2 protein chains.
Amino acid sequence: MTGVSNHSTPANDSTNWVAHASATLAQRRTRKSSARTAIVASLATQDCCASAQEIHTRLRNNGSSIGIASVYRTLELLHHCGLVTRVDTGDGSARFEPANPDGEHHHHLICNACGNVEAFHDDALEAAIHAVSNRVVFRITAHEVALRGACQNCR
Amino acid sequence: MTGVSNHSTPANDSTNWVAHASATLAQRRTRKSSARTAIVASLATQDCCASAQEIHTRLRNNGSSIGIASVYRTLELLHHCGLVTRVDTGDGSARFEPANPDGEHHHHLICNACGNVEAFHDDALEAAIHAVSNRVVFRITAHEVALRGACQNCR
DNA sequence: TTGTTTGCAAACCTTTTGCACGTTA
DNA sequence: TAACGTGCAAAAGGTTTGCAAACAA
């Protein structure tokens with residue numbers, strides 16, 4: 001993770017997230033299926049966001065015969081359950097990453113030259129967003145910040 | 001404009017922006033064409049961001065015979081010249097709005113229920129983003145903030 | 001068994017591209 | 001006139017949907 005501060009380790013987060021996702025899906029009336037299990041496991045391995053197509057390719061490369069439609073349907077389900085965050089990087093496709101149960105999250109640095117995406121976190125920024133959220137007429141439930149420019153290789 | 005603070009009036013901004021856009025395009029080797037003139041004029045009437053399809057429809061409704069391809073090509077040109085900001089609201093299409101020459105800009109409140117988009121501005125948020133931008137390894141040239149939730153009608 | 005979930009293929013929608021024609025300088 | 005810009009139509013992605021077969025409870 002690039003940026004101002006780090007939080008807990010990815011490995012620990014991933015393990016917790018898989019368990020949290022399983023529990024949340026179990027609470028719903030959803031059935032246990034190999035496709036969903038595989039997608040949840042695959043999401044947990046990500047450092048940052050990935051597109052549906054990338055997740056699909058990753059699973060097929062690992063021997064799965066999952067269809068792209070199931071990837072989209074499962075991502076929609078996970079997003080609806082608050083288990084996944086949807087990120088728009090402006091490359092014409094949506095990207096997805098696991099959402100931490102405790103609300104801990106990061107934002108994104110996007111390279112306009114090569115499309116590289118990295119994560120960052122900043123407490124002051126979160127505080128400013130929180131303050132704005134309390135002041136506007138909308139009832140805010142989520143937020144996204146994207147910083148665009150040139151990455152270390154492209155600058 | 002919804003939110004914490006207002007800045008200069010839309011009418012004044014629009015007029016300035018059309019002049020600024022014309023001047024900027026003239027500096028490039030671009031030719032004056034009716035399609036580009038119409039698109040610039042149409043963009044200037046927007047309160048907030050609009051999709052290419054919406055801009056196209058608006059122009060056709062006003063009697064123009066412009067093609068959708070010209071709308072996309074012109075928006076790309078304007079974006080490349082820094083005259084237009086591209087906004088991703090997550091509805092599957094990019095949205096566009098005039099970019100002020102002085103860097104003055106706003107961010108967006110997006111209603112998850114009805115898709116309504118409104119603008120807001122907050123100085124503390126800008127300051128926080130500026131501070132982060134100076135600290136990360138990327139060289140940041142632009143930023144976007146999206147606050148999601150329920151609008152006044154849907155909350 | 002019964003309703004859910006799946007993979008495939010087709011459909012859909014946004015955006016891009018090829019091309020012949022019109023327009024600008 | 002020579003290059004640039006346009007509208008149209010076709011192509012190219014990404015995403016969604018219809019459906020019969022596979023699967024979980």
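Basis for what follows: all heavy atoms, side chains included, without hydrogens, waters or symmetry-related copies. Per chain, numbering begins at 1; letters A, B, ... match sequence-line order. Please read all numbers here as calculations on a predicted model, not as lab measurements.
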A.B. asks: Would you kindly give the NE2-to-P distance between A:His56 and D:dT15, to the nearest whole Å?
C.D. replies: 13 Å

A.B. asks: Here's a test of your reading of the structure: between B:Lys32 and B:Ala52, which maps to the more 5' nucleotide of DNA chain C?
C.D. replies: B:Ala52

A.B. asks: Nearest 0.5 Å, please: how far is NE2 in B:His107 from CG in B:Asp122?
C.D. replies: 9.0 Å

A.B. asks: Between D:dG5 and B:Arg36, counting only base atoms on the nucleotide and side-chain atoms on the residue, is there a donor-acceptor pair under 3.5 Å?
C.D. replies: no

A.B. asks: Give one of base, sugar-phosphate or nothing for A:Ser65, where a contact means two heavy atoms less than 4.0 Å apart.
C.D. replies: sugar-phosphate

A.B. asks: At 4.0 Å (heavy atoms only), tell me whether A:Ala69 reaches a base, stays on the sugar-phosphate, or touches nothing.
C.D. replies: base

A.B. asks: Strictly distance-based, threshold 3.5 Å: is any side-chain N or O of A:Arg148 a donor or acceptor partner for the main-chain N or O of B:Glu144?
C.D. replies: no

A.B. asks: Nearest to the side chain of A:Gln53, heavy atoms from C-beta on, is which of D:dG14, C:dT6, C:dA25?
C.D. replies: D:dG14

A.B. asks: Checking all strands, does B:Ile66 fall into the base, sugar-phosphate, or nothing category for heavy-atom contacts under 4.0 angstrom?
C.D. replies: sugar-phosphate

A.B. asks: Mind checking A:Arg60 for me? I need base, sugar-phosphate or nothing, with any heavy atom below 4.0 Å counting as a touch.
C.D. replies: sugar-phosphate

A.B. asks: Check whether A:Thr74 reaches the backbone of A:Ser70 with its side chain - one donor and one acceptor, N or O, closer than 3.5 Å.
C.D. replies: yes

A.B. asks: Select one nucleotide: of C:dT15, D:dG7, D:dC19, the one nearest the side-chain heavy atoms of A:Arg73.
C.D. replies: D:dC19

A.B. asks: Please determine, for the side chain of A:Ala35, which listed nucleotide (C:dG7, D:dT15, C:dT14) has the closest atom?
C.D. replies: C:dG7

A.B. asks: Less than 3.5 Å apart, any donor N or O on the side chain of B:His143 or B:Glu126 sitting next to an acceptor on the other?
C.D. replies: yes

A.B. asks: Nearest heavy atom decides the nucleotide; on that basis, is B:Arg31 or A:Thr30 closer to the 5' end of DNA chain D?
C.D. replies: B:Arg31

